[in-house]
Amino acid sequence: MLANLNDKQKEAVITTGGPLLVLAGAGSGKTRVLTTRISYLVQEKNISPSHILAITFTNKAAKEMKNRVLQMLGSIAYDIQISTFHSFGLLLIKENYEKLGFQSNFTILDSDDSLTVIKKIMKEMNLDFKVYNPKAIRNKISSCKNELIDAGEFEKYALTDFDKIVQRIYRKYTTKLLTNNSLDFDDLLMLPIFLLKSNPIILKHYQEKYQYVLIDEYQDTNEAQYILSKMISARYKNICVVGDESQSIYSFRGSNYRNILNFEKDYHHPKVVLLEENYRSTGNILNAANSVIKHNKQRKEKNLWTSKENGEKIKYHKALNEKDEANYVLEEIQHLIEVGVPRKEIAILYRTNAQSRVMEEALLKNNIPYKVVGSFYFYNRKEIKDLISYLKLIYNSSDDVSLMRVINVPKRGIGLKTVSDIGIRSMEQACSMYEAIFSGKELIFKKIIEEIKQIQDNLTITELIDVILEKTGMKEEYMNEKSLEADIRLENLEEFKTITRNFEEQNGVVSLGEFLEEISLVSDIEEHKNNDDVITLMTVHSAKGLEFENVFIIGLEEGIFPHANSMFDEEQIEEERRLCYVAITRAKEKLFLINSRKRAIYGDINCNPPSRFISEIDDIYLDKDTTEIQEISSFSKEKVDTSSNIVYNIGDKIIHEVFGKGMIVQVDKSILTVAFPHPYGIKKLLKGHHTFRKE
């Protein structure tokens with residue numbers, strides 16, 4: 001059982017009594033340690049399988065753990081509780097539903113069902129959906145539940161008008177779910193904790209039942225998961241947590257990396273084992289990862305190493321723009337394929353979904369099969385298809401398919417019955433559905449389309465898109481939603497304007513029809529969804545837990561990666577750095593780091609310095625393009641003279657190598673805000689940066 005483990009892994013397996021913290025670096029074999037430890041408890045320590053609780057975060061990870069333990073122990077492994085946190089919470093609720101006021105046939109609502117309930121409550125309260133966004137309210141209630149704040153307690157925190165409305169809805173929502181014998185997904189964590197807190201006998205029962213607790217990915221636990229783990233293990237304190245704070249990248253979901261940092265405070269003098277030997281990556285890749293993550297202050301000291309050879313140096317390339325970036329990646333991929341590298345061993349990682357579009361087009365045009373993980377193909381994403389349908393309807397009002405897609409996007413109160421009636425009327429009158437509209441809310445929709453059609457000839461395609469997003473209410477809807485999903489949809493809509501702007505720059509003044517023909521040629525190309533041997537495109541968040549022989553990380557620029565939203569918050573920068581660490585450690589053999597001098601994204605053109613993470617990697621691990629050697633550290637203090645003696649004043653003129661002449665409109669400590677002529681507009685520049693000079 002222990003034969004294939006290294007010394008540190010063995011130590012983690014055979015330390016079975018008391019609290020144990022296993023700090024497992026990327027690729028250090030933590031799943032092997034967890035499964036072997038479970039088997040060791042049963043076979044060597046004679047612990048009953050029913051006394052073991054093992055928790056991980058995804059159904060996929062739980063299934064993999066179950067299968068491995070079954071192979072090691074046989075059928076007795078079925079008595080071990082191996083599940084996700086939510087599955088474990090559901091088990092506790094099913095065994096104690098009466099104590100919580102439910103009947104045995106309770107149902108679990110998904111997020112859409114929850115939204116429907118909230119909307120119904122809001123209608124009963126005569127609340128305007130435009131004033132109080134239902135999704136924002138649902139998200140607020142969800143956050144409260146994950147922080148273990150019920151409707152009664154939330155009243156103490158409800159200071160704003162919005163929060164007071166949420167509190168009233170939250171109270172009614174709780175009552176409605178109980179009346180309907182229903183739970184939502186967040187209840188699967190919150191209710192078991194309330195159950196255990198209010199019933200000491202039940203708490204003792206589960207503490208006796210699960211005397212040995214193992215938790216994977218502990219750095220990703222939120223408040224509810226942290227409390228539940230602590231309560232179950234409090235009696236015997238035989239709790240083993242495995243994780244790596246350097247891979248904590250889900251704070252937007254409520255995870256708190258401090259849970260793993262504070263483990264030694266929560267459980268006095270626990271055993272701590274460091275798994276630092278990496279079995280995945282070459283020496284140069286690991287050294288680069290170590291170089292980056294050591295700049296974080298909030299971390300446990302550890303240093304990944306491998307017995308593998310150093311391997312090739314990491315290739316760093318600085319492209320001219322995002323298309324040049326895509327072409328460079330494409331050429332390198334073609335070289336890899338030519339020497340026999342399977343496509344499934346190649347991944348392209350990026351910080352935001354919007355970055356995939358240019359890369360997708362390059363792969364499509366060169367007939368290289370790919371898949372996008374954790375996201376839809378760019379032209380198949382709902383918001384993009386909605387926008388294209390608006391464009392098609394404006395171009396051809398007889399397009400019934402496009403009309404049916406967007407007549408109630410965003411929601412206008414036009415139901416299926418109304419759409420059906422329009423369809424019947426159009427058949428009776430032998431006309432398009434658009435022509436068959438003459439009354440009701442659908443007429444308001446028609447007037448919006450007519451308004452846009454009247455002015456479209458005086459607009460560029462890019463300007464037309466701005467008008468559509470404003471007049472139809474699409475932009476307002478996503479802005480009001482205030483969720484991560486809505487932010488991503490807005491980013492994708494902004495990114496679509498980059499497509500139109502590029503098309504107009506290449507072809508001059510174009511008609512809407514010409515543009516629609518162009519994008520149909522790209523978006524209608526067959527997508528290779530059912531072929532496993534494909535290039536993988538994904539965000540770094542989606543790449544967690546995966547590995548590939550060859551990894552390309554694109555868009556390594558300030559404002560892209562690290563993301564612009566993190567630039568002035570040290571804690572957020574540290575999370576971005578952890579994200580970079582995760583990206584680097586996905587690579588087994590070859591790693592490519594790419595950025596560009598200027599980038600068209602979200603409908604704008606930016607010229608940002610290289611990511612600080614590039615300059616944090618020691619030069620000895622990098623194979624830089626010859627022309628980039630002097631530019632690589634342009635973000636670092638040695639290359640950016642932010643304390644320059646040059647005095648900048650509002651109204652001063654500067655000359656930028658990309659944007660041309662501009663005027664300073666605001667001066668901050670180290671940032672200049674400069675107005676440039678169309679199409680560049682307002683830009684923020686770092687004082688003393690080599691890309692511009694005072695006129």
Side-chain angles (χ1 to χ4, degrees), residues 8-9 12 19-34 37 53-58 60-62 64-65 83-86 88 146-147 189 213-230 232-233 239-267 270-276 278 280 286 289-290 292-304 539-547 566 570-586:
K8 288 295 183 181
Q9 290 174 332
L20 171 66
L21 170 61
V22 181
L23 292 171
S28 62
K30 68 179 178 65
T31 305
R32 180 190 296 178
V33 167
L34 279 167
R37 193 172 193 274
L53 169 65
I55 296 180
T56 187
F57 270 80
T58 65
K60 179 183 176 184
E64 181 185 349
M65 192 181 292
S83 66
T84 63
F85 270 106
H86 287 90
F88 178 59
N146 281 306
E147 292 293 322
L189 292 178
V213 179
L214 300 89
I215 302 174
D216 191 16
E217 304 286 9
Y218 193 66
Q219 77 281 349
D220 291 334
T221 50
N222 63 22
E223 181 69 11
Q225 291 157 344
Y226 165 75
I227 295 293
L228 185 58
S229 308
K230 203 170 178 182
I232 294 293
S233 61
I239 179 170
C240 167
V241 302
V242 182
D244 179 8
E245 84 290 339
S246 294
Q247 296 186 72
S248 178
I249 58 175
Y250 298 118
S251 65
F252 62 89
R253 295 181 188 167
S255 67
N256 186 355
Y257 69 92
R258 291 184 180 84
N259 291 343
I260 197 166
L261 294 178
N262 293 333
F263 187 82
E264 290 167 86
K265 295 178 183 176
D266 292 337
Y267 301 89
K271 179 78 172 178
V272 179
V273 177
L274 269 65
L275 302 184
E276 297 174 296
N278 177 285
R280 176 188 299 154
L286 293 183
N290 289 331
V292 171
I293 201 63
K294 72 181 182 183
H295 288 81
N296 270 9
K297 296 174 183 176
Q298 297 292 327
R299 62 184 288 263
K300 294 279 189 181
E301 192 61 40
K302 58 183 174 295
N303 201 56
L304 290 183
T539 64
V540 184
H541 281 103
S542 299
K544 176 85 181 300
L546 303 177
E547 58 182 44
S566 69
E570 188 59 35
E571 192 160 304
Q572 289 185 31
I573 282 291
E574 291 215 351
E575 175 138 344
E576 292 290 304
R577 190 173 283 111
R578 293 194 293 269
L579 200 56
C580 183
Y581 174 83
V582 167
I584 291 172
T585 53
R586 299 312 93 196

side-chain contact (heavy atoms from CB on, under 4.5 Å) between Lys544 and Arg586: does it pass, once the steps are laid out?
-> CA-CA 8 Å; Lys544 176 85 181 300; Arg586 299 312 93 196; 5.6 Å; no
For the pair Arg299 and Tyr257, evaluate side-chain contact (heavy atoms from CB on, under 4.5 Å) and give the outcome as yes or no after the intermediate values.
-> CA-CA 9 Å; Arg299 62 184 288 263; Tyr257 69 92; over 6 Å; no
When you look at NZ of Lys302, are more than 12 heavy atoms from neighbouring residues, nucleotides or ligands closer to it than 6.0 Å?
-> yes
What's the spacing between Leu286 CG and Leu304 CG if we round to 0.5 Å?
-> 5.5 Å
Which distance, rounded to the nearest 0.5 Å, do you find between the OG1 of Thr585 and the CD of Glu547?
-> 10.0 Å
Interatomic distance, Glu276 atom CD to Leu274 atom CG [nearest 0.5 angstrom] = 4.5 Å
Donor-acceptor contact below 3.5 Å, side chain Arg578 vs main chain Ile249 | no
Looking only at heavy atoms, what is the nearest atom pair of Leu261 and Gln298, with distance?
-> CD1-OE1, 4.0 Å
Residues Ser229 and Ile215: closest non-hydrogen pair is OG-CD1, 3.1 Å
Atom pair OG (Ser83) and CG (Leu53), whose distance is rounded to the nearest 0.5 Å | 6.5 Å
Salt-bridge test for Arg577 and Glu575: reply yes if a basic N is under 4.0 Å from a carboxylate O, no otherwise.
-> no
If you look at every heavy atom in Ala61 and Thr56, which pair is closest and at what distance?
-> CB-OG1, 3.6 Å
Identify the residue among Asp266, Asp220, Thr221 that makes a side-chain hydrogen bond (donor to acceptor under 3.5 Å, both in side chains) with Asn259.
-> Thr221
Would you find a donor on one side and an acceptor on the other, under 3.5 Å apart, between the side chain of Gln9 and the backbone of Val33?
-> no
Criterion side-chain contact (heavy atoms from CB on, under 4.5 Å) on Phe263 and Ile239, from CA distance to verdict | CA-CA 11 Å; Phe263 187 82; Ile239 179 170; 4.2 Å; yes
Taking all non-hydrogen atoms of both residues into account, name the closest pair between Val540 and Leu579 and its distance.
-> CG1-O, 3.3 Å
Within the distance-only criterion (no hydrogens, no angle test), does the side chain of Gln225 pair as donor or acceptor with the backbone N or O of Phe85 below 3.5 angstrom?
-> no
Interatomic distance, CG@Asn303 vs CD1@Ile293, rounded to 0.5 Å, equals 11.5 Å
Taking atom types as modelled, find out whether Gln219 and Glu217 have a side-chain donor-acceptor pair closer than 3.5 angstrom.
-> yes
Sidechain-backbone polar pair: Ser248 side chain, Glu245 backbone, donor-acceptor under 3.5 Å = no
Taking Asp244 for the side chain and Gly25 for the main chain, is one N or O donor matched with an acceptor at less than 3.5 Å?
-> no
Might you point out which heavy atoms bring Asn146 and Glu223 nearest each other, and give the distance in Å?
-> O-CB, 3.6 Å
Does Ala26 offer a backbone N or O that forms a donor-acceptor pair with the side chain of Asn278 under 3.5 Å?
-> yes
Atom pair SG (Cys580) and CD1 (Ile573), whose distance is rounded to the nearest 0.5 Å | 11.0 Å
Could you walk me through whether Lys30 and Val22 pass the side-chain contact (heavy atoms from CB on, under 4.5 Å) check?
-> CA-CA 8 Å; Lys30 68 179 178 65; Val22 181; over 6 Å; no
Option from Tyr218, Tyr250, Tyr226, Phe57 for which side chain to side chain contact (heavy atoms under 4.5 Å, CB included) with Ser255 holds = Tyr250
Taking every non-hydrogen atom, the tightest pair across Glu576 and Ser566 = CG-OG, 3.3 Å
Residue pairs passing the salt bridge (Lys or Arg N to Asp or Glu O under 4.0 Å) test where at least one lies in residues 255-264, sequence neighbours excluded = Arg258-Glu571, Glu264-Lys300
